Amino acid sequence: ATLARAAEAKDAPAKTEAPAKYVESAADKRLFEQVYVQYAQEYLKGPLYWDPNKLQGIDPQYPGNPITVDGKLTSNTIGNLKTFSSNELAFFSFLFFGIGLYGNYMFNYG
């Protein structure tokens with residue numbers, strides 16, 4: 001009996017109703033406009049525009065990376081320079097000193 005029902009189910013055309021087409025209401029249009037305008041206002045506060053809401057303060061403190069502890073500076077003040085070894089920092093200091101010395105020479109005598 002179950003085989004007969006399975007065969008009938010395969011032979012019968014699928015009767016599915018098409019979903020109703022979405023019609024935008026006036027409330028939907030107003031909501032979209034409100035959201036769009038609010039998004040545009042926030043977007044204009046991006047990196048090219050100054051806004052008081054974006055200020056971090058004089059001494060920003062990030063969670064997990066305190067810059068000062070008990071009034072003393074920590075190693076987090078140097079930021080991403082923590083990943084450089086002392087040899088690399090010495091190399092860069094000599095490199096930039098040489099570039100500056102060359103620039104000074106070219107400015108005065110070149």
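Keep in mind that this is a model prediction, so the values were computed, not measured.
Linking ILVMFWY residues whenever their side-chain heavy atoms come closer than 4.5 Å, directly or via other members, places Phe91 and Ile99 in the same cluster. Linking Ile, Leu, Val, Met, Phe, Trp and Tyr whenever their side-chain heavy atoms come within less than 4.5 Å puts Leu89 and Phe96 in one cluster. Using a 4.5 Å cut-off between side-chain heavy atoms of Ile, Leu, Val, Met, Phe, Trp and Tyr, with links allowed through other members, Phe107 and Tyr109 fall into different hydrophobic clusters. Two different hydrophobic clusters hold Tyr39 and Leu31 under the rule that ILVMFWY side chains link at heavy-atom gaps under 4.5 Å.
Under the 3.5 Å distance criterion, the side-chain polar atoms of Ser25 are matched with a main-chain donor or acceptor of Asp28. A distance-only check finds a donor-acceptor pair linking the side chain of Thr74 to the backbone of Ile67 [under 3.5 Å].
Phe97 contributes atom CZ, which lies 9.5 Å from atom CG of Asn104 (distance to the nearest 0.5 angstrom).
Of all heavy-atom pairs spanning Lys82 and Asn76, the tightest one is NZ-OD1, 2.8 Å.
No more than 12 heavy atoms of other residues, nucleotides or ligands lie within 6.0 Å of CD in Gln38, so this atom counts as exposed by the packing criterion.
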